[in-house]
Amino acid sequence: MFVTDAQGVAADPIADNVERQALREAVRAIVRDVAPPERRLPLDLAEEFDDELHAHLAKLGALAIGAHADQGGEGNALDQLVVLEELAAGPTSMAVFMVVHYMGVQVLSVHGDADQRAAWLAPLAAGEAKVAFACTEAGGGTDIGRAMRTTARRDGDDWVITGEKCWISGAQRADFFVVLARTSDGTSIDGITMFLVPATASGIEVSEIPTVAVHGLDTNTVVFDEVRVSGASVVGEPDLGFRLVLEVLNRERLNAAAGAIGAGRAAVEYATRYVAEREAFGSTVGSFQAVQHRLVEAAVAVEAARGLLVRAACVEVAGGRADVLSSMAKLTASEAAVRATQTGMEVMGGAGFSVEHPMQQWWRDVRLWVFAPLNNDMVRNYLGEQALGLPRSF
Ligand SMILES: Cc1cc2nc3c(=O)[nH]c(=O)nc-3n(C[C@H](O)[C@H](O)[C@H](O)COP(=O)(O)OP(=O)(O)OC[C@H]3O[C@@H](n4cnc5c(N)ncnc54)[C@H](O)[C@@H]3O)c2cc1C
């Protein structure tokens, strides 16, 4: 068992909180009872969203964490991290879903006006509606501000949105989209506006992109063909929507790190249990030093990432500047998760290939967090500039 689990130590302010420990235990119990491997792995193979698990999370109140108090929100970023870690330690796709969900919750809670919160946030926080976040386009995800070709033009009091988004998680089941569209000429990040668009609006077409991982959540191209929305659907100020995305990205980095840590931790624990039982050469595989060293290195990498995440999250919650630490946490956690799941696959031998074991699912799924929400090369660029003070390299 990992340090955090074993002791609930005071050195970890995320763990050292009675209510948060209870939340962790509650999510763990839901995953254990509702989404054990024998139920969730067939769903993953069938590429189906787990509605039952989603309903249980709604009942627990996990979907309302971080929401504006008027919409029944309780808890903060630290509570979101706990939910994400425990989900990623099981059905990783639901953790990815929740990362997107919490982005929607944050945007609406912080920047939505009272009418928008009542209309969009209330059902979202109650689990009665789902949101998809439509930012990326085929022309470039990392440099999306410059690459964005989706436009919105004013027509009287309305806006008319035209363009194509790609890689949009959960678009098939979304009740509404948060859409970023260019509203002023140019390639700068200003001139982009954030809109709330009902999925039922005329002119929207969603088509699935087959992917290698995160099979419990659909990934899609979304076409907006002259989609008309009212002026009331603008979040924040026109032309300043990308600044809201940058703000959300900071929290998204923390949340992605928590997911990576959850899957990495689960991979080490699962592999450790497996090698402790598996026999070879008159002993167990877990008795071999080469196997132990690799598992230990993976465990240390995951715990090191957790240390960074805890620091970053505490700065974020205290209202300080968390961008450098959260970038470090996301970088370290995603690479630790890749290492842990790779080690898991190696030490499990042929069993790692079996779809009856969850290792292959974690191994596939954690790769998302290496390049999303921001790719790790770009994270290094950012840290070169912001943490080390070197010239901007991008
Ligand atoms: C399963 C899945 C779900 C997703 N969900 C969503 C979603 O819900 N909403 C949404 O808007 N988007 C979503 N995305 C998109 C995701 O955010 C982008 O894939 C990501 O931002 C990277 O963009 P890209 O794929 O265009 O990579 P590119 O920008 O083409 O970059 C490719 C690679 O080039 C390198 N690179 C790029 N720029 C630099 C640089 N400046 N310096 C050094 N190296 C660089 C990096 O190695 C990078 O990984 C999703 C993607 C996937 C695969």
Side-chain angles (χ1 to χ4, degrees), residues 44 47 49 88 92-107 130-150 161 163-182 187 189 192 194-195 197 199 206-224 241-242 244-246 248-253 255-256 259-260 263 327 330-331 334-335 338 361-362 364-386 390-394:
D44 191 71
E47 306 201 4
F49 183 78
T92 327
S93 293
M94 191 57 85
V96 176
F97 169 86
M98 289 295 287
V99 170
V100 177
H101 174 87
Y102 285 143
M103 283 166 74
V105 165
Q106 191 193 352
V107 159
K130 299 189 182 75
V131 63
F133 204 89
C135 184
T136 306
E137 299 186 8
T142 309
D143 194 13
I144 179 60
R146 224 178 314 210
M148 196 170 291
R149 298 288 174 269
T150 298
I161 303 172
E164 185 172 319
K165 299 289 180 179
C166 76
W167 305 116
I168 309 308
S169 299
Q172 313 228 343
R173 303 180 146 262
D175 296 281
F176 68 99
F177 296 94
V178 174
V179 181
L180 277 300
R182 186 159 284 290
T187 53
I189 63 160
I192 291 173
M194 184 180 278
F195 295 93
V197 181
V206 177
S207 45
E208 189 156 2
I209 306 172
T211 60
V212 73
V214 194
H215 283 164
L217 183 63
D218 47 282
T219 309
N220 309 276
T221 299
V222 186
V223 174
F224 297 88
F242 206 77
L244 310 188
V245 175
L246 294 178
V248 170
L249 272 183
N250 203 33
R251 181 74 67 80
E252 198 190 0
R253 263 172 250 182
N255 286 354
S327 297
K330 186 270 186 186
L331 177 66
S334 57
E335 294 187 351
V338 168
Q361 177 227 305
W362 292 317
R364 286 181 288 112
D365 288 352
V366 296
R367 274 152 174 79
L368 175 67
W369 286 313
V370 172
F371 62 86
L374 189 63
N375 82 70
N376 282 355
D377 291 322
M378 189 62 191
V379 173
R380 286 184 171 87
N381 294 341
Y382 184 77
L383 289 172
E385 183 190 13
Q386 297 294 327
L390 292 169
R392 177 173 280 206
S393 64
F394 55 95

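Sequential numbering from 1 along the given sequence is applied to the chain's residues. Whatever order the structure lists them in is the order used to number ligands and atoms, beginning at 1. Both backbone and side-chain heavy atoms feed into the values below; hydrogens, waters and symmetry mates do not.
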For the residue pair R149 and E137, what are the closest heavy atoms and their distance?
N-OE1, 2.7 Å

Establish, from distance only, whether the side-chain atoms of K330 and N376 form a donor-acceptor pair under 3.5 Å.
yes

Within the structure, does at least one protein heavy atom fall under 4.0 Å of atom 34 (O) of ligand 1?
no

Exercise: identify the closest heavy-atom pair between I144 and F242:
CG2-CZ, 3.7 Å

Heavy atoms only: which of D377, I144, V178, L180 lies closest to atom 44 (N) of ligand 1?
D377

Distance flag for atom 51 (C) of ligand 1, protein heavy atom under 4.0 Å:
yes

Protein heavy atoms near atom 31 (O) of ligand 1, is at least one of them under 4.0 angstrom away?
yes

Which of the atoms of ligand 1 are close to F133, meaning less than 4.0 Å from one of its heavy atoms?
7 (C), 8 (O), 9 (N), 10 (C), 11 (O)

Provide, to 0.1 Å, the distance between atom 8 (O) of ligand 1 and the closest protein heavy atom, together with that atom's residue and name.
S169 N, 3.0 Å

Examine the proximity of ligand 1 to L368 and report which part, side chain or backbone, both or neither, has a heavy atom under 4.0 Å away.
side chain

If you look at every heavy atom in L180 and K165, which pair is closest and at what distance?
O-NZ, 2.7 Å

Looking only at heavy atoms of V214, does any of them come nearer than 4.0 Å to an atom of ligand 1?
no

Considering only protein heavy atoms, which is closest to atom 22 (C) of ligand 1, and at what distance to one decimal place?
F371 O, 3.7 Å

Check ligand 1 against I168 and write out every atom of the ligand that is under 4.0 Å from a heavy-atom position of the residue.
7 (C), 8 (O), 9 (N), 10 (C), 11 (O)

Are the side chains of V96 and W369 in contact, using a 4.5 Å heavy-atom criterion?
yes

Numbering the atoms of ligand 1 from 1, which are under 4.0 Å from a heavy atom of N381?
40 (C), 41 (N), 42 (N), 43 (C)

Would you name the heavy atoms of I168 and C135 that are closest together and state the gap between them?
CD1-N, 4.0 Å

Can you list the atoms of ligand 1 that are under 4.0 Å from a heavy atom of G140?
26 (O)

For ligand 1, which atoms, with element, lie under 4.0 Å from some heavy atom of F394?
41 (N)

Taking atom CG of N250 and atom CG of N255, what is their separation to the nearest 0.5 Å?
10.5 Å

Is ligand 1 under 4.0 Å from a heavy atom in the side chain of D143, in the backbone, in both, or in neither?
neither

Nearest to atom 7 (C) of ligand 1, what protein heavy atom do you find, and at what distance?
W167 O, 3.3 Å

Would you indicate whether the side-chain heavy atoms of I161 and F177 approach each other to under 4.5 Å?
no

How does P373 reach ligand 1, by side chain, by backbone, by both or by neither, if only non-hydrogen atoms under 4.0 Å count?
backbone

Proximal atoms of ligand 1 relative to M378 (non-hydrogen, under 4.0 Å):
41 (N)

Only heavy atoms of C135, strictly under 4.0 Å: list the atoms of ligand 1 that pass.
11 (O)

Minimal heavy-atom distance between N375 and D377, with the atoms involved, is OD1-N, 2.9 Å

Any heavy atom of T219 closer to ligand 1 than 4.0 angstrom?
yes

If you apply the rule side-chain contact (heavy atoms from CB on, under 4.5 Å), what do you find for V214 with T219, and how did you get there?
CA-CA 9 Å; V214 194; T219 309; 5.7 Å; no

Whether the side chain of R364 engages the backbone of V212 through a donor-acceptor N/O pair (distance < 3.5 Å, no angle test) should be reported.
yes

Can you check whether R146's main-chain N or O pairs, donor with acceptor, with R182's side chain at less than 3.5 Å?
no

For atom 26 (O) of ligand 1, closest protein heavy-atom neighbour
G141 N, 2.7 Å

Would you mind checking which non-hydrogen protein atom is closest to atom 49 (O) of ligand 1, with the distance to 0.1 Å?
N375 CB, 3.4 Å

I'd like to know if the side chain of D365 reaches the main chain of T92, judged simply by a donor and an acceptor atom lying under 3.5 Å from each other, with no hydrogens or angles considered.
no

The option among T142, T136, N376, V96 carrying the non-hydrogen atom nearest to atom 38 (N) of ligand 1 is T142

